[in-house]
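Comments concern the structure below.
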Amino acid sequence: MDLKNKTTVVTGSASGIGLALATRFVQEGATVIASDRNAEMGAQKAQEIGARFVTADVGQEKDIQALIDNVLAQEGQIDLFCSNAGIAVGEGPETPDKVWDLIHRVNVMSHVWAARHLLPHMLERGEGYLLNTASAAGILTELHSAPYAVTKHAALAFAEWLAITYGDRGIKVACLCPEGVWTPMIQNAPILQQTAVTTDVLVEETLKVLRADGFLITTHDTTLKGFQTKARDYGEWLSKMRHLRKKAMALLDGGAAREGEAPRTEGHP
Ligand SMILES: NC(=O)c1ccc[n+]([C@@H]2O[C@H](COP(=O)([O-])OP(=O)(O)OC[C@H]3O[C@@H](n4cnc5c(N)ncnc54)[C@H](O)[C@@H]3O)[C@@H](O)[C@H]2O)c1
């Protein structure tokens with residue numbers, strides 16, 4: 001897909017990856033509708049980059065439906081919908097159900113609700129591109145947050161399912177699976193910071209895949225290398241991940257962990 005004159009929507013646009021994607025899409029000549037639950041920051045950033053802003057909490061189906069209805073009413077169509085907003089919360093099985101429920105709504109159901117309300121229009125036109133942000137944690141794992149690992153696996157599974165089911169009917173699907181990217185999300189994850197890439201790198205990789213109408217977007221060679229290790233020998237992969245978790249814990253012991261902040265690291269062999 002060439003982004004010039006395309007109507008694109010980006011959720012989670014007030015910060016990090018969403019802001020970087022929205023900024024570049026405007027530069028590429030797209031009409032960009034930026035969306036975030038943070039109305040103040042979202043509107044300010046959208047104005048700075050030349051996008052229109054619509055407030056939406058992607059953890060609420062009615063907000064996603066209203067966002068899509070708004071854009072269809074004003075622009076007539078949506079060519080590319082980036083379901084990008086996500087959160088990293090919780091640790092192990094002791095994490096309260098209400099936290100599991102929240103992250104499931106934001107990291108998984110947001111993609112389901114977007115597809116539910118977009119597909120009728122896209123199928124009628126016979127075209128449309130869905131870009132869902134998952135994570136390398138959906139291919140490998142997340143070393144400290146089970147809810148993050150589980151929901152990102154689910155997000156990837158849903159994107160695969162959409163691509164298989166609708167790929168022959170004009171619907172394109174891409175899934176963004178980065179390892180560490182320099183955004184506020186990794187501020188308490190020193191192990192990710194060691195290899196984090198800039199949002200510029202991520203945006204370049206994303207545009208490369210979108211231009212080729214591709215599916216998988218990664219930012220680090222280690223993601224697919226880890227995937228290969230996992231496929232070849234699960235035991236070996238688990239052992240490498242245990243080793244990496246020890247390293248991540250040691251790094252945390254020297255910093256954020258002492259302040260009691262939620263650790264978050266995605267791992268790879
Ligand atoms: N930064 C990384 O290293 C990394 C790696 C892999 C995947 N990701 C994924 O990339 C996406 C963006 O993360 P980021 O690093 O830019 O984080 P970020 O925290 O910088 O930005 C997230 C944005 O999403 C918004 N948001 C959060 N919950 C929302 C909700 N319910 N409704 C609407 N907006 C909401 C926030 O207000 C914020 O503006 C997330 O899905 C994240 O899981 C990030």
Side-chain angles (χ1 to χ4, degrees), residues 9-23 33-46 49 51 53-64 66-67 82-90 99 101-111 113-114 131-143 145 147-156 158-159 174-203 205-206 216-220 222-223 262-268:
V9 180
V10 182
T11 70
S13 65
S15 172
I17 291 171
L19 179 59
L21 289 175
T23 303
I33 292 81
S35 182
D36 204 283
R37 78 174 163 188
N38 184 336
E40 196 181 330
M41 184 69 83
Q44 186 193 317
K45 295 287 179 192
I49 66 171
F53 181 72
V54 178
T55 310
D57 174 353
V58 302
Q60 307 288 336
E61 181 176 11
K62 65 174 175 39
D63 280 22
I64 293 184
L67 167 64
C82 303
S83 184
N84 168 75
I87 53 172
V89 291
V99 176
D101 183 52
L102 173 71
I103 194 169
H104 182 248
R105 293 173 76 86
V106 175
N107 287 6
V108 182
M109 293 310 294
S110 62
H111 303 308
W113 294 324
L131 167 54
N132 292 351
T133 300
S135 166
I139 297 175
L140 302 171
T141 193
E142 215 294 320
L143 292 170
S145 170
Y148 192 83
V150 169
T151 55
K152 292 300 186 177
H153 272 70
L156 174 58
F158 184 62
C175 194
L176 185 50
C177 294
E179 287 187 31
V181 183
W182 279 109
T183 75
M185 193 178 259
I186 67 163
Q187 65 190 355
N188 298 324
I191 192 143
L192 282 184
Q193 293 169 8
Q194 289 186 336
T195 56
V197 297
T198 62
T199 52
D200 284 351
V201 169
L202 175 135
V203 167
E205 290 304 313
T206 303
L216 183 67
I217 306 163
T218 59
T219 51
H220 295 67
T222 40
T223 308
R264 180 183 163 270
T265 61
E266 278 154 66
H268 54 79

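One-based numbering, in listed order, for ligands and for the atoms of each. Sequential numbering from 1 along the given sequence is applied to the chain's residues.
Counting all heavy atoms, side chain and backbone alike, Phe158 lies closest to His111 at CE2-O, 3.4 Å. Phe53 and Ala46 make their closest contact through CB-CB, 3.7 Å (heavy atoms, listed as atom of the first residue, atom of the second, distance). Among all heavy-atom pairs drawn from Ala85 and Val58, the shortest one is CB-CG2, 3.9 Å. Contact record, Pro147 with Thr151: O-OG1, 2.8 Å, taken as the closest heavy-atom pair. Residues Thr198 and Trp182 approach most closely at N-CD1, 4.4 Å, considering heavy atoms.
For ligand 1, the polar-atom distance check finds no N/O of Thr133 at less than 3.5 Å from any of the ligand's N/O atoms. Polar contact with ligand 1: absent for Ile186 (N/O pair, distance under 3.5 Å). Close N/O approach between Ala136 and ligand 1 is not found [any backbone or side-chain N/O within under 3.5 Å]. Considering backbone and side-chain N/O of Ser15, one or more are found under 3.5 Å from N/O of ligand 1. Remark: ligand 1 and Gly18 share no N or O pair separated by less than 3.5 Å (distance only, no angle test).
Contact annotation for Val58 and ligand 1: heavy atoms of both the backbone and the side chain come within less than 4.0 Å of the ligand. With a 4.0 Å heavy-atom cut-off, ligand 1 is reached by the side chain of Lys152 but not by its N, CA, C or O. Residue contacts with ligand 1, taken as heavy atom pairs separated by less than 4.0 Å, do not involve Ser13 at all.
If you number the atoms of ligand 1 from 1 as listed, the ones under 4.0 Å from a heavy atom of Ile87 come out as 27 (C), 28 (N). Ligand 1 places these atoms under 4.0 Å from at least one heavy atom of Ala134: 7 (C), 9 (C). Taking a cut-off of under 4.0 Å to the non-hydrogen atoms of Thr183, the atoms of ligand 1 that pass are 1 (N), 14 (P), 15 (O), 16 (O), 17 (O), 20 (O). Those atoms of ligand 1 with a heavy atom of Ala14 less than 4.0 angstrom away are 39 (O). Atoms of ligand 1 found under 4.0 Å from any heavy atom of Asp57 (numbered from 1 in listed order, with element): 30 (C), 31 (N), 32 (N). Within the listing of ligand 1, atoms 6 (C), 7 (C), 8 (N), 9 (C), 42 (C), 43 (O) sit less than 4.0 angstrom from a heavy atom of Tyr148. Here is the list of ligand 1 atoms found below 4.0 Å of a heavy atom in Pro184: 20 (O). In the vicinity of Gly16, heavy-atom distances shorter than 4.0 Å reach the ligand 1 atoms 16 (O), 20 (O).
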| query | Should Asp36 and Thr11 be marked as a side chain to side chain contact (heavy atoms under 4.5 Å, CB included) after you check the CA-CA gap, both sets of side-chain angles, and the distance that decides it? | reply | CA-CA 6 Å; Asp36 204 283; Thr11 70; over 6 Å; no
| Steps toward side chain to side chain contact (heavy atoms under 4.5 Å, CB included) verdict (Cys177, Ser135) | CA-CA 4 Å; Cys177 294; Ser135 166; 5.8 Å; no
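No side-chain donor-acceptor contact under 3.5 Å links Gln60 to the backbone of Asp63. Not a single donor-acceptor pair under 3.5 Å links the side chain of Glu179 to the backbone N or O of Thr219. Between the side chain of Ser35 and the main chain of Val54, a donor-acceptor pair closer than 3.5 Å is present. The backbone N or O of Ala136 lies less than 3.5 Å from no partner atom in the side chain of Thr223, so there is not a single donor-acceptor pair.
Looking at Ile17, Val197, Asn84 and measuring to atom 44 (C) of ligand 1, the nearest heavy atom belongs to Ile17.
Within the structure, the closest approach of Gln60 to ligand 1 does not fall below 4.0 Å when heavy atoms are considered. Between Met41 and ligand 1 there is no heavy-atom distance shorter than 4.0 Å.
Contact of the His220 side chain with the Thr195 side chain is registered, since non-hydrogen atoms from C-beta on lie closer than 4.5 Å.
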